[in-house]
Amino acid sequence: MCHLFAMSSGPKRIKATFWLLDAPESPRAATLRTPDGAGLGAFDADGVPQVVRQAIRSRADTAFAREAQDVISSTFVAHVRHASTGRASDANTHPFVRDGRIFAHNGVIEGLGKLDAELGTAGLPVLGDTDSERFFALVTREIDAHDGDVGEGIASAARWAAQNLPLYSINMILITDRELWALRYPDTNGLYVLQRGAGGRNDRHLDHASPFSEIRVRSLDLLDEPAVVVESERMDEDPRWRLMESGELLHVAADLTVTSRIVLDGPPVHQLSLEDLRPEAAVSQTTAVPDLPLSA
């Protein structure tokens with residue numbers, strides 16, 4: 001399954017180190033299917049989006065994702081892609097950037113011809129083949145239609161998709177240089193949130209490693225600073241992880257204030273099951289869980 005990771009440290013810019021894929025000889029890496037791409041997004045000191053991403057076509061094509069990536073920002077998003085729509089290419093690799101915002105998605109949206117027709121010129125420039133980039137274009141259009149209100153734009157785009165397109169999941173993350181939004185819809189894929197105080201549960205820095213994919217994140221600064229983390233799965237043993245509800249839109253403000261509301265209170269009109277998906281799309285939405293312990 002595609003892995004979403006996002007984090008906000010509020011007004012404080014922190015240093016975080018990302019390994020999007022484990023070393024090839026690690027026990028976890030040996031249990032997992034090679035992904036189709038990996039990427040990381042953050043913002044520089046001037047608030048300009050900084051994205052690095054790379055398609056992965058084989059285990060030999062993973063040097064970038066296995067190297068430590070040191071990033072300084074107050075908001076971060078990382079994504080490991082297992083393709084459901086579109087080939088393995090840099091253009092199809094998350095995260096995507098539009099209008100100073102960074103976006104990543106996990107799920108399957110079908111009916112792309114209908115979505116393209118709805119987008120019209122708002123779909124330009126969509127550079128890749130994915131449902132994700134097209135949905136981001138719809139979100140961007142709706143933000144503009146709601147006078148720059150990001151939350152209302154996300155809610156409006158998700159409601160249109162739920163009414164008009166066959167979909168399995170539209171779990172998504174959107175960040176600006178100071179704020180973070182996350183949407184889980186419907187309940188087919190998980191999305192978890194952790195409001196982490198300085199030092200976390202054990203009075204130590206952040207060191208998260210996914211049991212389901214290969215991503216790892218470390219930040220020594222979070223020994224002394226709080227943060228909010230959103231991920232596709234619980235990445236440590238902290239009991240305060242919370243599974244977001246179906247249709248829940250979460251907002252992390254610049255001061256780390258967390259608010260959430262239900263913006264979709266029912267299932268999609270055209271809800272897809274795994275059995276409805278093309279084989280490659282179905283595989284992208286399932287995860288074999290290795291028998292490995294979580295990081296402390």
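As the structure is a computational prediction, the values presented were derived from the model and not from experiment. Position 1 is the first residue of the sequence; numbering continues from there.
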Exercise. Around atom CG of D70, are there more than 12 heavy atoms of other residues, nucleotides or ligands at under 6.0 Å?
Worked result: yes
Exercise. What orientation do W241 and H208 show, parallel under 30°, tilted 30 to 60°, or perpendicular over 60°?
Worked result: tilted
For this session: May I ask you to decide if the ring planes of H105 and H94 are parallel, tilted or perpendicular, using 30° and 60° as cut-offs?
Result: parallel
Problem set entry | ring-ring contact (aromatic ring centres under 6.0 Å, His included) involving F5 - partner list, sequence neighbours excluded |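 With neighbours one apart ignored, the set is F18.
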Examine [X] and [Y] and state if one hydrophobic cluster contains both, with Ile, Leu, Val, Met, Phe, Trp and Tyr joined whenever side-chain heavy atoms are less than 4.5 Å apart.
X	Y	value
Y192	L250	no
V230	V77	yes
L20	V229	yes
I173	V97	yes
V252	L191	yes

Exercise. Would you call R261-E152 a salt bridge at under 4.0 Å N-O?
Worked result: yes
Exercise. Is it true that E142 and R159 make a salt bridge, defined as a side-chain N closer than 4.0 Å to a carboxylate O?
Worked result: no
Do [X] and [Y] have side chains that approach each other closer than 4.5 Å (heavy atoms only, starting at C-beta)?
X	Y	result
F76	L180	no
H270	E110	no
D116	R134	yes
L183	V263	yes
F43	R178	no
E237	R201	yes
E179	V150	no
S8	L256	yes

For the pair [X] (side chain) and [Y] (backbone), establish whether a donor and an acceptor sit closer than 3.5 Å, ignoring hydrogens and angles.
X	Y	result
D46	V48	no
R184	M244	yes
S219	K15	yes

For this session: Check the pair V126, R98 against side-chain contact (heavy atoms from CB on, under 4.5 Å), reporting the backbone distance first and the verdict last.
Result: CA-CA 10 Å; V126 170; R98 272 183 178 244; 3.5 Å; yes
For this session: Take L174 and F136, measure what side-chain contact (heavy atoms from CB on, under 4.5 Å) needs, and give me the verdict at the end.
Result: CA-CA 9 Å; L174 187 151; F136 185 27; 4.0 Å; yes
Seminar exercise, completed: Shortest non-hydrogen pair, D131 vs G107, comes out as OD2-O, 3.9 Å
Exercise. When rounded to the nearest 0.5 angstrom, what is the spacing between CZ in F103 and OG1 in T140?
Worked result: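 Those atoms lie 8.5 Å apart.
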Problem set entry | Evaluation steps, side-chain contact (heavy atoms from CB on, under 4.5 Å), between D207 and V217 | CA-CA 6 Å; D207 194 350; V217 185; over 6 Å; no
Problem set entry | Verdict with reasoning, M7 to I14, per side-chain contact (heavy atoms from CB on, under 4.5 Å) | CA-CA 11 Å; M7 182 166 67; I14 63 165; 4.1 Å; yes
Exercise. Distance only, no hydrogens: is a donor on one side chain within 3.5 Å (strictly under) of an acceptor on the other, for T257 and D255?
Worked result: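 The answer is yes; a qualifying pair exists.
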